Q: 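Sharing a structure, written as structure tokens. Questions coming.
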Amino acid sequence: MCYTIVMKLSKTYEPSLFESDIYELWQDMQAFAPTGKGEPYSIVLPPPNANGNLHVGHALMVPLQDILIRYHRMNGRDTCWFPGSDHAGFETWVVFERKLEAEGKSRFDFSREELYQMTWDFVQEQKGNMESQLRRLGASVNWQEMTFTLDQKVVDRVYKTFKKMWDDGLIYRGKRIVNYCTTHQTSFADIEVEHAEEKGKLWEIKYLGADFKGEIIVATTRPETMLGDEAIAVHPKDKKFAKLVGKHVYIPILGKKIPIIADEAVELGFGTGAVKVTPAHDPVDFEIGQRHSLPITEVIGNDGRMINVPAAFLGLEVKFAREKVVERLRTGGSLGAVKDFDHQVPHCYKCGSVIEPLAREQWFVAVKKLADPAKKAIKEGKIQFTPKQKGGELERYFEELRDWNISRQIPWGIPIPAFQNLDTGEWIFDERVDQEYIEIDGQEYKRDNDTFDTWFSSGQWPIILTEALPKFYPTSVMETGFDILRPWVSRMIMFGLYVNKEIPFKEVYLHGLVLDEHGQKMSKSKGNVVNPMEVVDEFGSDALRLGLVAARSAGLSQAFSPDKVVAGRNFCNKLWNIARFIETHEKHLEELTTADHWVLSKLQQSTAEIDRLIKDYRFAEAVETVYHFVWDEVADWYVEAAKQGSAVADIVLESVLKIVHPFAPFVTEAIWTTLHDDDSLLMLQQWNRGYQFDRKKAQEFEEVKELVGAARLVVAKLKGRRAMVYSDNRVISENEAVIKNLAGLEAVMPFEKPAGIRIAGNFRAYIEAKPAEISAYKADLEQKLIEAGNLAENLKKRLDNDSYRQNAPKHLVDETRQKLAEAETLSASLAKELENI
RNA sequence: GGUUCCAUAGCUCAGUUGGCUAGAGCGCAGCAUUCACAUUGCUGAGGUCGUAGGUUCGAGCCCUACUGGAACCACCA
């Protein structure tokens, strides 16, 4: 396509005509690859789900990172943005299993290998969507490094790390209480469990003394677990029960004899002071059981049905078992009071079913040795967080982190390379996970069928991606959502320090959720989900990027604003038309005009401003700075002035394109290609450097702007076109045509004794007017005189204050003095004018 | 129960060492228009910066308490 022709014809910028071609052009020119020159700058993209579509959160994340990458690339850094896609273990598994169910099949009809292959094929069908959507958002990622979280190099690294941890004694297999979803039949890390308040009941149960007279009453929210009770616990200092410790009670229904023990975990003064201990089905009880060497009797199975219980309860789902137990207790006279009780119940974050704490053999990571150095690194400020308090939050998390269960009972993931000796029960590390049984020295070993928790592999993401390009480790910044600070960012820091002996990134920038336009969380059920690709279709990628990044600060969940997207679209169009004017109408002069000096000074200033804002990750303010520079200064003043001619129009246009490029890459590159016949790319240009201009001339244009503004105010109140007359003045005479055009005047001319309505400011300039109009203007002048007087009075008060003069910084005091002088001059000249009317 | 964040114009939000008369986008009102752009231009209305105290010459910003909203954490049976 010949862009130059489109440029001349099309009054509006049509993103759809350019965006895909521009992206292809970048790719063809290999513009995303590192140059090998300059200081490294790298980011790893938090890998989106390979199986999914990008959502509006990605549409925020991609521009934020792309702004940083493009900015630093233009500033001469050797940039590499590592893309990836995530197998999203559990997430994808849930979708796939739902599909199986819809086809009337079950995971138990297939072997692990078959399931893995089927899921792989399923993901392959979808794969590619996500990648093409990244392209549509303009992501300048280095596609050569594209990595899928199940790629061989990922598995290799994960096994290496696992082995190292195994050798270092950081991996142990143990029976622990795990969070178990009986619907998905897999366990979860603590962090994957959602707590929700539920209205429940608190049942009191009477346990009859076996070797003492009387009974002990305990309260529970889960009466069915009494079938697995192994003790009654009381607080060691509880006088009420002191004599009973060491004695025994009978479990109602079962008649089983269990001991009364003393343990600190029981809270003094709460409830009846005694609790039932079910080591197999409650984390606290499990710990109590460990301390007192209690047996573990499991009464709930993987499928959420009762096991190891009398026939009447066997195979019942938990909730029915509960009803039946309560019924039997009641008829047996063992039920005490029943109260309503609201409490927090753990739920599966995916299907919402109640999480059963079950005692299971799983692989655990002893986290302390990983968490301590991570905490230290943050404490010592080796990693900077934006917003700042998130670093503190992570420090506290590292302090409280408990051992991490990394076993998942789903086939879609990286198999855990561990085998168990069938005779001795001993576990060994071995990578031959494609075989269910292996033989070593005549001994047979069976594979562990579990896979790794996704965070175990994704936690090593920066390590894996930079393994072949080590100069990009540590990466420059980790930009991601605040919701995965704990599960992901924390793990990357721990693994980075453990494996590479160095932090994985120097800075962390966290963005919040994109809420709907009324500040509500987006969800399918509410029907308020914004599909970013639809927005791109309608307004263009640049518009979406600008709209999302504007009005958004670090770490906060904020509303999606369609108005801002429209504003972004309009901005692109404005830029397009600035270019159209400069390319097709501009009059070239040899010498710089006042406006030229001024616009160069503004370019310098805006560039410095953007440098500062990007350094501080203040994206929204950077967008705003760009927006106002282009619209309010370049379009509204410079372009208007340039209609009378300019010597720097081409420099200004190119510089503007550079400034805008990181934020709106497509439209700026589209314009750039219309300017250049060669195959140069805007995205590979050098960022703006300094400009040559005359500071005094630049200041003169500020005066012209003020004069125009003041003239507009006067003209707006009069009918018909008017002329400006002024007493001889170089600044005005040099800019007559500019002033005439900008203020919409009929003429601007010098007069020996100019008269009419005086234009505010330091010039002796007037708008021609009839005597009646001049008198009508009197009220305005009087109002202005009052305002100037008030201002002067305020300033004077401040200066009269001794403490102000002593304590305020000197430049402020000087400034105040100057303002006062100006206000007084204005007052005097207004007063004089009023006299003349 | 603990921690953190938020409260500024009709709506969505800026406002970072405390410093002139608190800003933007959209919306609203008026005017303009054969001009690069109606995805436009100009002009304007609209705010006791949640409440009450405090620190300071000076507070939207710092401190304390309160009110209202949100998020996260948590084994209180």
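The model shown is predicted, which means the values in this text are computed figures rather than measured ones. Below, all heavy atoms of this structure are taken into account, side chains as well, without hydrogens, waters or symmetry copies. So you know, we letter chains A, B, ... as the sequences are listed, proteins then strands, and number each from 1.
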Q: Take atom C1' in B/G15 and the same atom in B/A24, then report the distance between them in whole Å.
A: 10 Å

Q: Dot-bracket, 5' to 3', for RNA chain B please: Watson-Crick or G-U pairs under 3.5 Å, [ ] where pairs cross earlier ones, | where the partner sits on another strand, dots elsewhere.
A: (((((((..((((.....[...)))).((((((....).))))).....(((((..]....))))))))))))....

Q: For B/U48 versus B/C11, give the span between their P atoms, rounded off to a whole number of Å.
A: 13 Å

Q: Is the distance from OP1 or OP2 of B/G25 to the nearest side-chain N or O of A/K564 less than 4.0 Å?
A: no

Q: Need one value for A/L485: base, sugar-phosphate or nothing, where a base atom within 4.0 Å counts as base even if backbone is also close, heavy atoms only.
A: nothing

Q: What contact category does A/Q344 fall into here, base, sugar-phosphate, or nothing, at under 4.0 angstrom with non-hydrogen atoms?
A: base

Q: Touch check for A/L202, heavy atoms < 4.0 angstrom, all strands: base, sugar-phosphate only, or nothing?
A: nothing

Q: Which atom names give the shortest non-hydrogen contact between A/D340 and A/K201, and what distance separates them?
A: OD1-NZ, 2.7 Å

Q: Between atom CD in A/Q389 and atom P in B/G2, what is the gap in whole Å?
A: 20 Å

Q: If you pin A/C572 and A/R552 to their nearest nucleotides in RNA chain B, which one's is more 5'?
A: A/R552

Q: Please determine if A/E746 and A/R721 form a salt bridge, counting it only when a charged side-chain N lies under 4.0 Å from a carboxylate O.
A: no

Q: Taking atom P of B/A36 as reference, at what distance in whole Å does atom CD of A/E640 sit?
A: 9 Å

Q: Quick one, A/R805 with A/D802, criterion salt bridge (charged side-chain N to carboxylate O under 4.0 Å, His left out). Give me CA distance, side-chain angles, the key distance, then yes/no.
A: CA-CA 5 Å; A/R805 289 200 315 274; A/D802 289 340; 3.0 Å; yes

Q: Checking A/K390 against A/F482: charged group under 6.0 Å from the ring centre and within 45 degrees of the axis?
A: yes

Q: In whole angstrom, give the distance that lies between atom CG of A/L820 and atom P of B/U21.
A: 13 Å

Q: Under 4.0 Å from OP1 or OP2 of B/A14: is there any side-chain N or O of A/S553 that close?
A: yes

